[in-house]
Amino acid sequence: MLIRQLQSVDIRPIPTAHLTTTMSLLVLNISELSEKIISEMAANPAMDIVEGHFCPNCQRPLLDSTHCPICSRPKDLDSSNPIVFVSARNDFHNHPLESEDLENDFEDYTYETEDLPTYVLKQISSELEIEDRPIAAHILTSLDEDGLLRNPLIEIAAFYHVSPRQVERVQKIIQSADPLGVGSSSPKQALLVQLEILSQTNDIPPHTKEAIAEGWDFLTHQQYPELSHLLGVTITQAKEIARFVGSNLNPYPARANWGDARQPTTPYRGAFYRPDVIISLLNNDENGPLVVEVISPIDGKLQVNPLFRSGIKDADPDKLEQWHSDLERATLFVKCLQQRNQAIVRLMERIVTIQHDFILNGDSYLQPLTRARLAREIEVHESTISRSVSGKTALLPSGKIIPLSKFFDRSLQVRTELQKIIQEEGQPLTDMELVDLLMQRGYKVARRTIAKYRSMEGIMPSHGRKKLKPKKLIYQSP
DNA sequence: CTATGGCACGGATT
DNA sequence: AATCCGTGCCATAG
């Protein structure tokens with residue numbers, strides 16, 4: 001229902017790429033594919049969805065016939081063989097996996113499983129006047145991947161022929177919704193909103209608001225002397241403010257629960273909040289096999305409508321040509337979809353086997369892996385891998401949603417090692433010293449690179465780290 | 001003078 | 001062919 005609403009006012013045009021080969025479906029992530037299928041269904045009468053059914057045993061929704069891949073698994077569990085299959089589980093928080101513990105966890109990140117706009121809209125819908133709804137929907141669908149609104153309010157106001165004042169009011173309502181500060185026009189504004197709310201229940205360092213509002217540049221550049229001067233407080237106090245902001249506020253609301261603060265340079269591709277694949281542990285058993293579900297955007301199996309196919313011989317001669325092309329198109333589309341799913345399944349089988357430890361134990365266990373190597377191993381073209389990976393996300397057993405590209409991150413190991421060293425450092429270490437320490441641990445990196453990694457991880461330079469608790473700072477220099 | 005960040009180059013990856 | 005990433009050089013902040 002709400003999704004409908006959003007779609008009806010979404011101003012972002014759906015890219016009208018022509019369906020030529022299977023590749024054009026492979027690049028799409030789950031949200032995009034979902035839209036694609038909907039529009040294809042609407043345009044082509046030969047398309048048909050047969051309802052999936054549920055496994056009588058575990059209630060898992062199934063696409064392909066009778067046998068649930070989990071229930072029908074061999075009794076002797078082999079943890080090195082993941083179970084990979086296409087699943088229709090769109091609303092998987094309603095179908096918690098095997099254990100009850102997991103169910104609780106699911107509560108926490110339910111909102112990650114639907115797209116951000118929908119999640120926010122649900123919260124605020126009761127506060128909205130009817131006439132505000134299109135505006136709210138417009139704002140929410142225009143958010144960038146950080147959860148910020150880059151379009152000027154004026155434009156939106158002009159678009160709907162309302163006063164900027166009114167748009168602003170809607171924005172305020174949105175900002176107070178759960179990823180606090182979502183829909184703000186800038187990181188700065190997001191912080192101010194969060195601060196405002198936080199100050200109602202917590203003590204905050206004095207002058208924090210002024211620091212953000214007026215000393216923004218100083219704050220983001222860690223120019224504490226200047227900041228302290230501006231606010232008329234001591235340098236220590238200025239640092240305290242920075243620390244407070246860094247560890248309690250989040251300039252990019254949408255990144256709240258992401259596995260990684262950085263966003264790969266993927267253009268906005270719809271919702272990042274719905275994973276394309278879900279990786280979980282069977283029965284939550286750490287030694288059990290991994291269950292990998294490649295999510296299908298529809299809860300049924302797409303097919304060519306058999307009635308249409310058989311009815312074609314009785315077709316009105318005028319329309320025969322049209323019917324034929326519909327039929328052909330539908331057949332192609334179904335085939336493409338199958339190939340897409342199959343490609344991702346094969347890819348995931350391999351990835352999950354290689355990165356098993358990473359999935360269970362975290363960043364430092366990531367194996368070096370390139371798309372090229374994977375392409376050789378499963379004997380597909382490199383570009384197939386690229387397309388399958390790009391713009392897609394996976395939900396890990398830990399509850400984090402990561403981009404699939406993280407499985408191919410070349411420097412993640414070093415960066416986590418770096419983090420560890422800095423966490424445990426007594427005195428702040430300079431980049432040069434860090435180079436040596438990493439060298440001892442078998443990582444060869446240049447001094448300059450350390451600096452890059454630090455800023456990626458949001459770690460301050462050595463002088464900025466003095467005696468401050470090494471908490472992850474979120475903002476980066478602009 | 002030392003540590004760090006910016007710019008840009010070249011090789012690797014996609 | 002386009003993009004990403006590590007690195008060297010140099011300016012500048014501390």
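Letters A, B, ... mirror the listed sequences (proteins, then strands); counts begin at 1. Predicted, not measured: the structure shown is a model, and the values here were computed from it.
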Give A:Thr449 one of three labels, base, sugar-phosphate or nothing, depending on what nucleic acid heavy atoms sit under 4.0 Å from its own. base
Does any non-hydrogen side-chain atom of A:Ile450 lie less than 4.5 Å from one of A:Leu438? yes
Whole angstrom value for the distance that separates P of B:dT14 from CG of A:Asp409: 11 Å
I need the full list of ring pair (Phe, Tyr, Trp, His ring centres under 6.0 Å) pairs touching residues 405-424 of chain A, with sequence neighbours left out, sorted by first then second residue. A:Phe358-A:Phe407
Once side-chain contact (heavy atoms from CB on, under 4.5 Å) is applied, do any residues pair with A:Leu195, and if so which ones, sequence neighbours excluded? A:Ile204, A:Thr208, A:Lys209, A:Ile212, A:Phe244, A:Leu249
Between A:Arg448 (CZ) and B:dT2 (C1'), how many Å, whole number? 15 Å
Under the rule for side-chain hydrogen bond (donor to acceptor under 3.5 Å, both in side chains), what residues qualify as partners of A:Arg441, not counting sequence neighbours? A:Glu417
So, is A:Tyr453 close to the C:dC5 phosphate, meaning a side-chain N or O under 4.0 Å from OP1 or OP2? no
Output the rounded distance in Å from CD (A:Glu433) to C1' (B:dT4). 14 Å
Pairing of A:Glu40 and A:Lys36 as salt bridge, 4.0 angstrom limit: no
Over how many whole Å does the gap from A:Leu418 atom CG to C:dG6 atom P extend? 13 Å
Residues in side-chain contact (heavy atoms from CB on, under 4.5 Å) with A:Gln189, at least two apart? A:Gln171, A:Gln175, A:Ser184, A:Ser185, A:Ser186
Give me, pair by pair, the N or O atoms of the protein and of nucleotides 11-13 of chain B that are less than 3.5 Å apart, along with how far apart they are.
none

Atom NZ of A:Lys392 and atom P of B:dT14 are separated, to the nearest Å, by 15 Å
Quick one: A:Met439 CE to C:dT7 P, roughly how many Å, whole number? 10 Å
Can you check whether A:Ser411 has a side-chain N or O nearer than 4.0 Å to OP1 or OP2 of C:dG6? yes
List in chain and number order the residues that pass side-chain hydrogen bond (donor to acceptor under 3.5 Å, both in side chains) with A:Asp326, two or more places apart in sequence or in another chain; answer none if no residue qualifies. A:Gln322
Nearest-Å distance, CZ (A:Arg454) to C1' (B:dA3)? 9 Å
Check whether the side chain of A:Arg447 and the base of C:dG6 form a donor-acceptor pair under 3.5 Å. no
Take atom CG of A:Asp431 and atom P of B:dG6, then tell me their distance rounded to the nearest Å. 13 Å
